[in-house]
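What follows is a single structure, written as structure tokens, with notes after it.
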Amino acid sequence: MSVFVWTFIYGKKEVIGLSAFAPIGNQRINTLDTVRGFALLGIVLVNILPLLSVQTPAPGSVDAWLFQFFNFAVESRFFVIFSFLFGVGFHLFVSRAKEKGANSTALFIRRLISLLAFGFVHKMFHPGEALFIYAIFGFMLMPFYRLRAKTNLAIGLILSILVCATGVKPFLVLPLFILGLSVGQFGVFQDIPRFLPAIKKVQGIAFALTLLGLYAQYQFLPSDPFMSAQTIVVDDISEQQLLELTYYTIALTSTGFVMSAFYTTTLIRLLEHRSVQKALAPLTSYGRMALTNYVGQTVLILAGGYLFGWYGTLSYWQSTLICLGIYALQMACSMLWLSVFRMGPLEWVWRVCTYMRVTPLLRDSKERGRA
């Protein structure tokens, strides 16, 4: 995302009239939902591995190829997109609350407390889950809303570079939130056609940096390529192995950061075509129920592991097939659910906890006709 930020700071020709975007009220931004759904696709591919203790691949096997594919195309990529979109969503939520004359601070605090509760429960079953840490960093994000968009861009960029230099991925959450907030302040997703020149430039820069990053990631591959897939106790590995893993983690995190910008800008450009919008309609519904589907992924994985004895027995290609099944099931269920209801079940609970009042979940006849 850093190149995206850099272009907005210095590419002034592409961002004329940044503060002049029109408010969108309660209108959903389909592009945001589609990108969020896209992020969920990659997240489950990574999360299923520790949840079911997927077996370490044998060298030269199909699983070994999949392991490397995940490392070079999935790991540390989709988490970045998901976190970035949280920042965008924060800006939209607070801005809409202010437009209605509501106490946006109180509402967002209740929203974060509710998310913290979701995360606390979810963490009992999925220790690597993101909701709990999102809620914590969400409280830290609140003061940044008062800053100017360019200031947030600069802060987010600097913090992101510093964190990437350490390779500590969880610390990227706050910088990504700030970057998403700044993009929300600029109004990029509210008026994508006006920002297409900047988006095209970012896509090109991100692609070039991605190629460099992938080369660096390949060069820093540990002598034992599967070492990072195992639970590592520092005392059990040599100093050389620890150094190799450190350098590789920095390359992995940094490459994931810029590659996520390439993924996002490419998808945004594709979504400017109506044929792509129609083809990806299931993905849009998937992202519209992101909270429900994110938690639902864990439920389906753990239920399958318990019912079918998958824990510790699956290979990488088998876990990938299970993820494909989860995609199909959740997308179909999301489309069916949203044809009858206004939002996902967990989204509705989250909304009730935020506003402290029960709002209608069922669509009326006119809404069902438009769905």
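- In this view, T34 and T284 satisfy the side chain to side chain donor-acceptor pair (under 3.5 Å) rule, not counting sequence neighbours.
- Atom CG in L45 sits 5.0 Å away from atom CZ in F70 (nearest 0.5 Å).
- With rounding to the nearest 0.5 angstrom, the CD atom of E244 is 4.5 Å from the CD atom of Q240.
- The number of heavy atoms from other shown groups lying within 6.0 Å of CZ (F72) is above 12.
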Test side-chain hydrogen bond (donor to acceptor under 3.5 Å, both in side chains) applied to T266 and Q203, step by step: CA-CA 7 Å; T266 300; Q203 183 188 34; 2.9 Å; yes
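- In this structure, M124 places its CE atom where more than 12 heavy-atom neighbours from other residues, nucleotides or ligands lie under 6.0 Å away.
- Ring geometry, Y286 versus Y327: the interplanar angle exceeds 60°, so the pair is classed perpendicular (tilted spans 30 to 60°).
- Taking CG of L338 as the start and CD of E347 as the end, the distance is 8.5 Å to the nearest 0.5 Å.
- At a threshold of 4.5 Å between non-hydrogen side-chain atoms, the residues L302 and Y311 do not count as touching.
- Here the straight-line distance linking atom OG1 of T210 with atom CD1 of I205 works out to 11.5 Å at 0.5 Å rounding.
- Within the 3.5 Å criterion, the main-chain N or O of G256 finds no donor-acceptor partner in the side chain of S76.
- Although no hydrogens or angles enter the test, the distance criterion places no donor-acceptor pair under 3.5 Å between the side chain of Q217 and the main chain of Y248.
- Cation-pi geometry between R111 and W350 is met: the NZ or CZ atom falls under 6.0 Å from the ring centre, inside 45° of the normal.
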With a cut-off of 3.5 Å and sequence neighbours excluded, list every side-chain donor-acceptor pair involving residues 129-145.
unit_1	atom_1	unit_2	atom_2	d
E129	OE1	H122	ND1	3.0
E129	OE1	L131	N	2.9
E129	OE2	L131	N	3.3
E129	OE2	F132	N	2.7
Y134	OH	S83	N	3.3
Y134	OH	S83	OG	2.6
Y145	OH	S95	OG	3.1

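- Between F93 and Y355, the ring planes lie tilted relative to each other; the angle falls in the 30° to 60° range.
- Using cut-offs of 30° and 60° on the angle between ring planes, the pair F67 and Y316 is perpendicular.
- Ring centroid separation for the pair F177 and F90 does not come in under the 6.0 Å cut-off.
- Aromatic pair F78/Y263: centroids less than 6.0 angstrom apart.
- The CZ atom of F84 sits 10.0 Å away from atom CG of L181, with the distance rounded to the nearest 0.5 Å.
- Side chains of Q185 and S182: no donor on one and acceptor on the other come within 3.5 Å.
- To the nearest 0.5 Å, atom CG of residue N47 and atom NE2 of residue H126 are 3.5 Å apart.
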